[in-house]
Structures are given as C-alpha cells and as structure tokens.
Number of protein chains: 2
Amino acid sequence: MNNTDWQQWHFFTVIARTGSLNQAADALGVSQPTLSRHLQSLEARLGQNLFDRSTRGLTLTAFGASLMEGCQQMEQTAQALERRASGQDQALSGRVRLSVNEMIAQYYLPNILPAFMDANPQLSVEIEVTNRASSLDKRDADIAVRMFPPTQLDLIARHLYDIPLGFYASQGYLDRFGTPTTPEALLEHRIMGYDRDKQFELGAAQLGWTVRNEDFFLRTDYMPLHIALAAQDGGIVGTHKELAESLGLIEIDVGVKLPDLPVYLCCHRDVVHNRRIRLLMDYLADSLPQTKPGFLMHPLPHDRS
Amino acid sequence: MNNTDWQQWHFFTVIARTGSLNQAADALGVSQPTLSRHLQSLEARLGQNLFDRSTRGLTLTAFGASLMEGCQQMEQTAQALERRASGQDQALSGRVRLSVNEMIAQYYLPNILPAFMDANPQLSVEIEVTNRASSLDKRDADIAVRMFPPTQLDLIARHLYDIPLGFYASQGYLDRFGTPTTPEALLEHRIMGYDRDKQFELGAAQLGWTVRNEDFFLRTDYMPLHIALAAQDGGIVGTHKELAESLGLIEIDVGVKLPDLPVYLCCHRDVVHNRRIRLLMDYLADSLPQTKPGFLMHPLPHDRS
DNA sequence: TCAGTGTTATTCATAAGTGAATATCTAATG
DNA sequence: CATTAGATATTCACTTATGAATAACACTGA
C-alpha cells in the first residue's frame with residue numbers, strides 16, 4: 001500500500017511547471033522518453049490523465065491542476081530538506097556556488113577571487129552570472145551578491161557597503177557633444193539605459209524624474225557594455241564612481257546626487273552556519289568593500305585607433 | 001542541479017521510522033539490498049551518515065534526526081496527494097477498502113455485503129478486519145466503521161445508529177451458577193473481558209464502576225470468542241442485545257442500563273466525494289442499521305454434545 | 001504550399017538497478 | 001564457549017529502465 005513513488009510526483013511537478021516533457025527532461029537530467037513513460041505510468045495508476053497532450057506541449061487537466069498545490073508544497077519541503085542537509089556539511093572541500101551580476105563578475109571578482117582560491121584549494125567556487133535575482137531557494141546558488149535588500153524572510157542579508165554612483169562620459173564625447181549641467185539637458189544626451197531591468201526607472205522615480213526605459217538612446221541590461229561604449233566616446237553612462245574614474249571618464253555634474261548603490265551579501269537561513277559558505281561570505285565581506293574595480297576593463301574586443 | 005531524488009527521501013523516511021532495512025524493505029515493497037544501496041547513495045551525496053549502523057538495526061544520527069521533520073512533512077503531503085488523487089477517480093470500477101472490527105465482520109457484513117457485490121460487480125471490496133483504528137490517513141482503508149467518534153479534524157464521521165448492549169449468558173450457565181441481580185454480584189461471576197482494549201474500562205468508569213481488565217475471568221480482545229464461549233455456557237458476556245438474543249442467550253438485569261454502542265461511518269475529507277466510496281458508504285448507512293445480526297454464528301469449530 | 005521548428009510517442013540496443021543467496025558482524029542465550 | 005537470532009553489506013545472474021534515434025504530428029512563417 002506504500003507503493004507510492006515520490007519520484008513520479010517530482011517528475012509530474014516539473015513537467016507541470018515547464019509544460020513540456022523536453023524542458024522537464026532537461027531540468028531533471030533525464031531523457032524525454034523516460035518522462036513520457038513515467039507520466040503514463042502515474043496517470044495509469046491514478047486512473048485519469050494529468051495532462052492534455054498536444055503538439056505544443058502538455059497542459060494540465062482540471063484533475064492535474066487540483067494536485068498541483070500539494071506538489072508545490074512537496075517541492076518546497078524537498079528543497080528545504082536539501083538546503084538543511086547541505087547546510088550541515090561542514091567539510092572544507094567541495095563546491096560553493098556564488099551568484100553575482102555582470103558588474104561584480106567583470107570588475108570586482110577578478111581582483112579578489114584568486115587569493116581566495118589560493119588560500120582554499122580544496123574548495124571549488126562556482127559562479128553564476130546573472131542580472132536577475134538568483135534563486136537561493138532552489139539552491140541554484142549558496143551566496144548571492146545583490147544590489148537590493150531581499151524581501152524573503154528566510155534569507156539572511158548582510159549590508160556590506162555602498163557604491164557611489166555618478167554620470168560619466170569620456171573626454172572625447174564631451175568635446176563633441178558638450179557637457180550637460182541640468183537633469184533635463186542630461187536626458188537629451190546619448191545616455192545609455194536598460195532594456196528590461198526596471199531598477200533605474202524606479203530609482204529615477206524616487207528622485208522625482210519621470211524616465212522610461214524606452215526613452216534611452218541605447219538599451220541593454222548588460223552593464224559592462226554601457227561602460228565599454230562610454231569609454232569609446234559612445235555616450236553617457238550612470239555607473240560606479242571609482243570604476244568610471246579608473247577608466248579616465250569624466251563625471252558630469254547635473255546638480256543631482258545619485259543615491260549610492262547598496263551591496264548586500266545574501267544566503268539562506270538554512271545554510272548560514274555552513275563552514276564553506278561562511279568562509280566565502282566572510283572573505284567577500286572583507287575584501288569586496290576594499291577592492292578597487294577595474295581588472296578586465298574591456299570584455300568586448302575592440303580596437304581604439 | 002535538480003538532481004535530487006525524492007524517492008531516496010521516501011526510502012530514508014521509512015527506514016528512519018522502522019529502524020531497520022528489512023522492515024522498511026517490507027513496507028516499501030523493495031528488497032533490503034536495494035534500500036541499503038540507496039541509503040548509501042544518499043549519504044554519499046549528502047557527505048555524512050544519516051544512521052549509525054549496528055547489528056540491531058539503524059539509529060538516526062543527529063544529522064539524520066535533524067532532517068526528519070522535513071521528511072515527515074513530505075510524507076504527509078505525499079499521502080494527502082494520493083488521497084486527493086484517488087478521491088477524484090470517479091470510475092465505478094476498482095477497489096474500495098473497508099475497515100471494520102471483528103464483530104461487524106462476523107455478524108453483520110455477511111448479511112449485507114453479498115447484495116452490494118451483486119449490484120456492483122465491477123467493484124472489488126477489500127475488507128481489513130482489525131480492532132484498532134485503521135489509518136484512513138495512509139489510505140490503509142477508504143471507509144471505516146467505528147464504535148467511537150474520530151478525533152481527527154480531517155475525517156468525516158456519520159453517526160449511523162446505536163446498538164443496545166446488555167449482559168447475557170446461556171440458560172445452561174445460569175442454571176449452574178445462578179443469576180446475579182446487582183453489579184457487585186455480576187463482577188463475581190465468570191464475566192468475559194478484554195485484553196488490551198481499554199474501551200470497556202473507560203465505559204465502566206463512566207458508570208461509576210471501577211473495573212480493570214486484569215479482573216476479568218477470561219481476557220481476549222477478540223469479541224466473537226466472547227460470544228462463542230457464552231453460547232457454550234462459558235460465562236457472562238456484555239454484548240449486542242439483538243445478537244445475544246438471536247443466539248438464545250438470556251439477558252441479565254443487574255439494575256444498570258449499559259450505554260448504547262454508537263456506530264460511526266468514517267472516511268477522509270479528501271475522498272468523501274468519490275463515487276465508489278460514496279456508493280459503499282451510502283449502502284452501509286442504509287443497510288447496517290436494519291440488519292439483524294447473526295449470519296455465521298460460530299466462527300470457532302465446536303461440538304456441543 | 002512547403003520546409004522548419006517545436007512537440008509527444010515508439011523502438012531497441014544497452015546500461016543500470018534489482019533481489020535471492022550469501023557473507024559477515026554483534027548481542028543475547030544456553 | 002558455542003549457538004542462535006537478527007541485523008547490514010556484498011555478490012552475481014537477471015530483469016528492468018534508460019536514452020539515442022526516429023516516427024508522427026501540428027503549428028508557424030516564408
């Protein structure tokens with residue numbers, strides 16, 4: 001009677017979320033035929049279909065949908081189990097996964113990570129670079145560097161320091177287009193903005209500006225491209241003060257002080273006492289605030305003649 | 001990264017509860033070597049041991065114990081999932097599991113079940129006979145007939161009727177030992193009682209009597225044996241009025257009215273709307289109260305010469 | 001209309017998991 | 001001290017499950 005296969009519920013959960021056997025197979029690390037068969041087997045045991053099949057994927061039947069709540073609860077519990085288990089693995093060997101955005105990855109980590117890796121050769125550091133908030137829940141990462149305080153209650157956040165921001169352009173750009181002195185004038189310039197990232201919009205709103213991403217001259221969420229373009233006389237960029245200055249960019253004073261960018265170090269409650277994770281967190285907390293940015297200045301190959 | 005195998009957590013949960021690979025293998029329907037290997041695999045993945053091994057079985061390490069809470073939660077969710085899924089299987093074929101005590105099984109069901117099975121040949125009725133409250137949680141049974149209201153909130157109970165009780169003995173017994181007329185005198189007689197079942201003790205306490213199971217002349221929880229023995233001049237039995245009378249036993253009036261025995265029909269909230277289960281419940285609710293007891297009078301072979 | 005891209009289902013050689021039997025261990029017992 | 005009972009671990013023949021390849025299908029867009 002205890003014949004129930006938790007594995008099949010797991011498969012079902014992921015299939016339901018992805019809506020496709022192929023994607024679920026990818027996520028689960030098994031093959032699509034395997035999922036197909038397990039799903040059929042589960043449906044056979046339950047006596048009715050969990051999904052409607054089509055050539056565009058699978059969509060939950062009412063029956064399948066009615067079971068999703070329990071599946072999600074099971075998944076959360078399973079994830080918590082994994083976190084708690086891994087949080088108690090106090091060995092100083094193994095992996096630590098760190099999630100950072102492109103700016104940290106490009107301009108800060110290269111300065112400080114080698115020393116850590118030298119000091120802890122048993123530890124393999126895995127770095128996930130993304131501009132979205134990585135899921136510490138799913139243990140996609142153990143530690144995350146974020147520029148905003150996390151909202152989840154079960155995350156522990158440590159405010160490290162604040163990065164001063166400013167608007168910058170190269171001397172060459174300013175020679176060609178002049179130097180704006182008011183916010184209004186600034187917005188008429190070739191200022192680089194974001195694509196889907198809403199952070200700048202929100203920050204501007206707090207300053208009383210009405211700015212939409214659509215208004216920008218050039219739009220990308222990949223900030224190192226902002227920097228590289230500005231360095232090549234491409235326009236005005238709002239970025240880290242120290243970084244811009246180390247690149248020889250000139251600060252533009254439009255009479256408005258940009259708010260500092262806070263830097264938070266986050267991890268999950270369940271793993272905060274883990275030695276490996278603690279080691280890297282403490283090291284980052286020590287070294288990140290002291291680091292001058294600017295190791296790999298130019299990620300994109302270019303020839304400035 | 002989503003490599004986590006829910007199945008192994010299931011195995012771990014059952015192993016932890018049973019404290020033995022062999023028993024867990026039994027409960028899970030797999031072999032002991034399979035469990036041994038999966039457990040080793042899980043421990044290897046987590047990097048530390050979940051159990052201390054000994055020749056007396058496995059005992060949780062502190063690490064393993066710290067994970068049990070999550071496992072139990074997962075198990076409950078899985079069980080709820082199974083119930084909800086099976087509750088929505090509206091086919092009128094398949095199995096329905098019914099849990100009853102020995103009295104119902106012996107003296108009532110034989111009268112009424114054949115008609116139900118004739119009317120619903122597609123349905124296979126499985127009957128678990130136990131005097132303990134069967135677990136509707138684990139879906140050991142879909143429906144349970146109980147003589148006391150269930151305490152769990154997620155069970156639905158339907159009070160069917162009340163069975164009048166009385167003290168009875170055969171004419172032969174009364175001829176030999178006389179007829180008691182007071183409670184005190186009754187307790188001096190060869191009255192049959194229970195072994196581990198505390199219900200009679202509790203009921204007697206409500207009447208103001210102080211009776212312990214140890215005081216009885218003959219002790220067994222198997223009530224049909226009470227009946228059979230009384231019918232063979234073996235002593236006095238407290239049992240169902242109609243049943244005793246149909247056996248030709250004589251009621252003994254000691255000036256105290258025994259409280260009626262309530263009969264409840266129970267099922268889990270999650271499956272109450274299931275057609276199969278509903279069908280049998282409704283049938284039992286209709287037929288049980290009207291049934292005269294006494295189909296198979298003498299379950300034990302005997303020769304009354 | 002006709003490739004192109006996505007989907008699920010099926011096939012079959014092969015790899016992985018399984019379990020009966022067995023080895024090995026320990027505590028309890030005569 | 002030898003024996004028994006009950007436990008986990010290991011072995012190996014064998015069953016089962018797996019996945020690369022493929023088929024069959026439906027939508028999309030040129």
Side-chain angles (χ1 to χ4, degrees), chain A residues 1-65 67-68 71 78 85, chain B residues 1-65 67-68 71 78 85:
Chain A
M1 192 87 314
N2 220 334
N3 180 16
T4 107
D5 193 343
W6 290 11
Q7 181 87 0
Q8 291 191 339
W9 287 118
H10 188 194
F11 287 172
F12 166 64
T13 308
V14 178
I15 294 170
R17 180 175 38 252
T18 60
S20 143
L21 289 185
N22 282 307
Q23 292 177 44
D26 231 31
L28 286 162
V30 297
S31 71
Q32 172 262 324
T34 297
L35 283 191
S36 177
R37 279 181 301 240
H38 271 120
L39 184 57
Q40 286 173 37
S41 149
L42 180 60
E43 287 177 328
R45 183 166 71 78
L46 300 181
Q48 42 190 324
N49 280 0
L50 293 162
F51 294 97
D52 288 325
R53 266 74 163 179
S54 81
T55 55
R56 282 205 308 267
L58 302 100
T59 52
L60 280 168
T61 61
F63 173 58
L67 300 176
M68 274 313 292
C71 285
Chain B
M1 188 90 309
N2 220 333
N3 181 17
T4 110
D5 193 342
W6 290 11
Q7 181 87 0
Q8 291 192 338
W9 287 118
H10 188 194
F11 287 172
F12 166 64
T13 307
V14 178
I15 295 171
R17 182 174 38 252
T18 59
S20 143
L21 290 184
N22 283 306
Q23 293 177 45
D26 234 30
L28 287 162
V30 297
S31 71
Q32 173 261 324
T34 297
L35 283 191
S36 178
R37 279 182 301 242
H38 271 117
L39 184 57
Q40 286 173 35
S41 150
L42 180 60
E43 287 177 327
R45 184 166 70 80
L46 300 181
Q48 41 190 323
N49 280 0
L50 293 161
F51 294 98
D52 287 325
R53 265 76 162 179
S54 81
T55 55
R56 283 204 308 268
L58 303 98
T59 51
L60 280 168
T61 61
F63 173 57
L67 301 177
M68 274 313 292
C71 285

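Chain naming here is simple, since letters A, B, ... match the order of the sequence lines and numbering starts at 1 in each. Every heavy atom of this structure was used, including side-chain atoms; hydrogens, water molecules and symmetry mates were not.
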Inset, instruction - Find the distance A:F51:CZ to C:dA9:C1' and express it as a whole number of Å. - result: 16 Å
Legend entry - For atom CD of B:Q40 and atom C1' of C:dT18, their distance in whole Å: 15 Å
Inset, instruction - For DNA chain D, find the residues of residues 30-39 of chain A with a heavy-atom distance under 4.0 Å and give them by number; none if there aren't any. - result: A:V30, A:S31, A:P33, A:T34, A:R37, A:H38
Legend entry - Side-chain N,O (A:N22) to OP1/OP2 (C:dT8) below 4.0 Å: yes
Inset, instruction - State, without any angle test, whether B:Q32 and B:S36 hold a side-chain donor-acceptor pair at a distance under 3.5 Å. - result: no
Inset, instruction - Heavy atoms only: give me the nearest B:R45-B:D5 pair and the separation to one decimal. - result: NH2-N, 4.5 Å
Legend entry - salt bridge (charged side-chain N to carboxylate O under 4.0 Å, His left out) pairs, two or more places apart, involving residues 32-44 of chain B: B:E43-B:R53
Inset, instruction - Might you point out which heavy atoms bring B:A85 and A:L67 nearest each other, and give the distance in Å? - result: N-CD2, 3.8 Å
Legend entry - Whole-Å gap separating P (C:dT8) and CG (A:L50): 14 Å
Inset, instruction - Give the rounded distance in Å between these two atoms: CZ of B:F11 and P of C:dG17. - result: 12 Å
Inset, instruction - Report the distance from atom CG of B:L28 to atom C1' of C:dT18, rounded to the nearest whole Å. - result: 14 Å
Legend entry - Shortest non-hydrogen contact between B:A25 and B:L35, atoms and distance: N-CD1, 3.2 Å
Legend entry - Working for side chain to side chain contact (heavy atoms under 4.5 Å, CB included), residues A:F12 and A:M68: CA-CA 9 Å; A:F12 166 64; A:M68 274 313 292; 3.8 Å; yes
Inset, instruction - Using a cut-off of strictly less than 4.0 Å, decide whether A:R53 has a side-chain nitrogen or oxygen near OP1 or OP2 of C:dA9. - result: yes
Legend entry - Flag side-chain contact, heavy atom, 4.5 Å: A:L21 against A:F51: no
Could you list all N or O pairs between the protein and nucleotides 25-29 of chain C that sit under 3.5 Å apart?
| residue | atom | partner | partner atom | Å |
| --- | --- | --- | --- | --- |
| C:dT26 | O4' | B:T55 | OG1 | 3.1 |

Legend entry - Bounds of contact between DNA chain D and chain A, in 5' to 3' order, using a heavy-atom cut-off under 4.0 Å: D:dT18 to D:dC27
Legend entry - side-chain hydrogen bond (donor to acceptor under 3.5 Å, both in side chains) against B:S31, all qualifying residues, sequence neighbours excluded: B:T34
Legend entry - Residues in ring pair (Phe, Tyr, Trp, His ring centres under 6.0 Å) contact with B:F63, at least two apart in sequence or another chain: none
Legend entry - 4.5 Å side-chain heavy-atom contact, A:L39 and A:L58: yes
Legend entry - Contact check, side chains of A:W6 and A:H10, non-hydrogen atoms, under 4.5 Å: no
Legend entry - Spacing of A:N49 atom CG relative to C:dA9 atom C1', expressed in whole Å: 14 Å
